[in-house]
Amino acid sequence: MANKRVLVKFSGEALAGEAGHGIDTKILKYIAQEIKSLVDAGIEVGIVIGGGNIIRGVTAAQDGIIKRTSGDYMGMLATVINGVAMQEACEHAGLQVRMQTAIKMEQIAEPYINRRAVRHLEKGRVVIFAAGTGNPFFTTDTAATLRAVEIGAEVIIKATKVDGVYDKDPEKFRDAIKLSELTYEQALKDHIKVMDDTSIALAKDNKLPIIVCDMSKKGNLLDILNGNRENCSIVQ
Ligand code: UDP
């Protein structure tokens with residue numbers, strides 16, 4: 001096993017399923033099983049989930065009634081809602097799991113404490129990091145990269161709807177070419193945009209490889225971590 005500790009990032013939208021919003025328990029169950037396959041293989045797993053299926057700060061603030069900072073806090077709270085749901089699904093799948101939040105809400109989850117998170121991981125518990133970075137004007141991609149670096153993950157996996165990074169939008173251009181390996185500089189280019197600039201810069205500074213893969217392909221996460229790089233792209 002090449003990667004012993006990983007951070008997996010799912011977008012909030014991934015949880016929405018066909019409805020396009022809210023939380024689809026079938027998807028939660030599927031993700032929990034995918035995570036379980038990693039834990040069963042001895043991999044320590046941290047998870048960050050976005051909040052886009054519920055609300056995003058930019059969208060909440062678009063007509064000027066809700067301030068951007070308030071919208072962002074609403075977005076961070078949305079990640080906690082998703083985190084609670086993911087925690088339940090992981091437990092349902094038989095996993096041990098703890099959630100930690102970047103904004104204290106101790107009736108719901110532990111506060112984020114790095115050393116405690118690492119201890120949970122060492123004990124084989126899945127750790128869900130919720131409430132983003134705790135700061136407005138950031139994204140959960142940045143939160144995921146930050147936590148990945150903090151817990152010493154060997155890699156961050158961005159689990160998406162596509163099987164990797166393309167030189168142009170594969171949904172618009174039939175001749176789009178998949179880039180199986182790219183540099184952080186390439187990943188920062190506008191037409192590629194694997195993640196937002198802040199998260200890529202953080203990954204680059206800390207030499208954290210980013211894997212982009214299709215989360216809907218069963219067994220993909222484990223396969224990739226076992227070294228099969230066919231169904232993904234890697235930024236390093
Ligand atoms: N957010 C924030 N700070 C953070 C992380 C998230 O303010 O550190 C807010 C922001 O408004 C964002 C929302 O939470 O739009 C949901 O996160 P994101 O858009 O990254 O979710 P995803 O697109 O992955 O579902």
Side-chain angles (χ1 to χ4, degrees), residues 6-24 27-28 30-31 34-35 46-87 89 99-105 108-109 111-114 117 127-151 156-162 165 169 187 192-203 206 208 210-216 221 235:
V6 300
L7 189 301
V8 189
K9 158 81 205 300
F10 298 95
S11 75
E13 269 165 8
L15 302 190
E18 280 164 21
H21 58 85
I23 299 169
D24 183 335
I27 294 187
L28 280 183
Y30 167 78
I31 293 177
E34 291 293 286
I35 298 297
I47 302 177
V48 168
I49 314 168
N53 55 322
I54 301 172
I55 200 154
R56 288 200 175 91
V58 175
T59 320
Q62 65 192 0
D63 66 2
I65 295 170
I66 296 172
K67 284 195 277 304
R68 169 69 193 271
T69 45
S70 298
D72 280 341
Y73 281 114
M74 291 160 74
M76 286 184 262
L77 290 174
T79 72
V80 178
I81 295 175
N82 287 336
V84 172
M86 197 65 241
Q87 179 167 248
M99 180 161 85
Q100 296 198 341
T101 53
I103 297 169
K104 273 193 190 174
M105 41 185 99
I108 298 176
Y112 173 65
I113 298 170
N114 175 266
V127 183
I128 300 172
F129 300 102
T133 62
N135 301 292
F137 300 100
F138 288 94
T139 63
T140 51
D141 279 354
T142 300
T145 311
L146 177 64
R147 294 297 182 242
V149 172
E150 285 184 281
I151 63 171
I156 177 168
I157 301 183
K158 180 156 168 150
T160 66
K161 287 186 281 188
V162 282
V165 183
D169 187 345
I192 291 185
K193 281 280 177 216
V194 172
M195 302 205 285
D196 62 274
D197 292 3
T198 313
S199 45
I200 295 171
L202 192 60
N206 293 284
L208 174 74
I210 306 165
I211 287 179
V212 180
C213 71
D214 180 3
M215 60 162 271
S216 64
L221 295 181
V235 183

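We use all heavy atoms of the structure for the numbers below, so side chains are in, but hydrogens, waters and symmetry mates are not. For reference, positions follow the sequence shown, starting with 1. Every number for a ligand or one of its atoms is a count from 1 in the order of the listing.
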Atoms in ligand 1 flagged as close to [X], the criterion being non-hydrogen separation under 4.0 Å:
| X | value |
| --- | --- |
| Gly52 | 21 (O), 22 (P), 25 (O) |
| Gly51 | 16 (C), 17 (O), 21 (O), 22 (P), 25 (O) |
| Thr133 | 4 (C), 8 (O) |
| Asn135 | 2 (C), 3 (N), 4 (C), 7 (O), 8 (O) |
| Gly132 | 4 (C), 5 (C), 8 (O) |
| Gly50 | 21 (O), 22 (P), 24 (O), 25 (O) |
| Gly12 | 22 (P), 24 (O), 25 (O) |

task: State if Lys9 counts as touching ligand 1 under the rule of any non-hydrogen atom under 4.0 Å.
output: yes

- request: Mark the output for Ala78 as yes if a heavy-atom distance to ligand 1 is under 4.0 Å, and as no if none is.
  value: no

Given side chains that start at C-beta, do those of [X] and [Y] come closer than 4.5 Å, heavy atoms only?
| X | Y | answer |
| --- | --- | --- |
| Lys158 | Met195 | yes |
| Met99 | Val80 | yes |
| Met76 | Pro136 | yes |
| Phe138 | Leu146 | no |

Protein residue, atom and distance nearest to [atom], heavy-atom basis:
| atom | result |
| --- | --- |
| atom 5 (C) of ligand 1 | Thr139 C, 3.4 Å |
| atom 23 (O) of ligand 1 | Arg56 NH2, 2.7 Å |
| atom 14 (O) of ligand 1 | Gly75 C, 3.2 Å |
| atom 17 (O) of ligand 1 | Thr140 CG2, 3.5 Å |
| atom 10 (C) of ligand 1 | Asp72 OD1, 3.3 Å |

field: Counterpart residues, side chain to side chain contact (heavy atoms under 4.5 Å, CB included), relative to Lys161 (two or more places apart)
entry: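 Counting only residues at least two positions away or on another chain, Lys161 forms no side chain to side chain contact (heavy atoms under 4.5 Å, CB included).
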
Practice problem: Just do the side chain to side chain contact (heavy atoms under 4.5 Å, CB included) check on Cys213 and Leu221 with the steps written out, would you? | Solution: CA-CA 8 Å; Cys213 71; Leu221 295 181; 3.7 Å; yes

- [ ] Considering non-hydrogen atoms only, spot the tightest contact between Phe129 and Gly46 and give its length.
- [x]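 Heavy atoms only, the tightest pair is CE1-CA, 4.1 Å.
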
State, to 0.1 Å, how close Ile49 and Asn82 come at their nearest heavy-atom pair, and which atoms those are.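 Of all heavy-atom pairs spanning Ile49 and Asn82, the closest is CD1-O, 3.9 Å.
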
Open item on the list: Side chains of Thr142 and Thr145: any donor to acceptor distance under 3.5 Å?
Closed with: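 Judged by distance alone, the side chains do not pair up.
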
Min N/O separation Phe138 to ligand 1 under 3.5 Å
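Min N/O separation from ligand 1 is below 3.5 Å for Phe138.
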
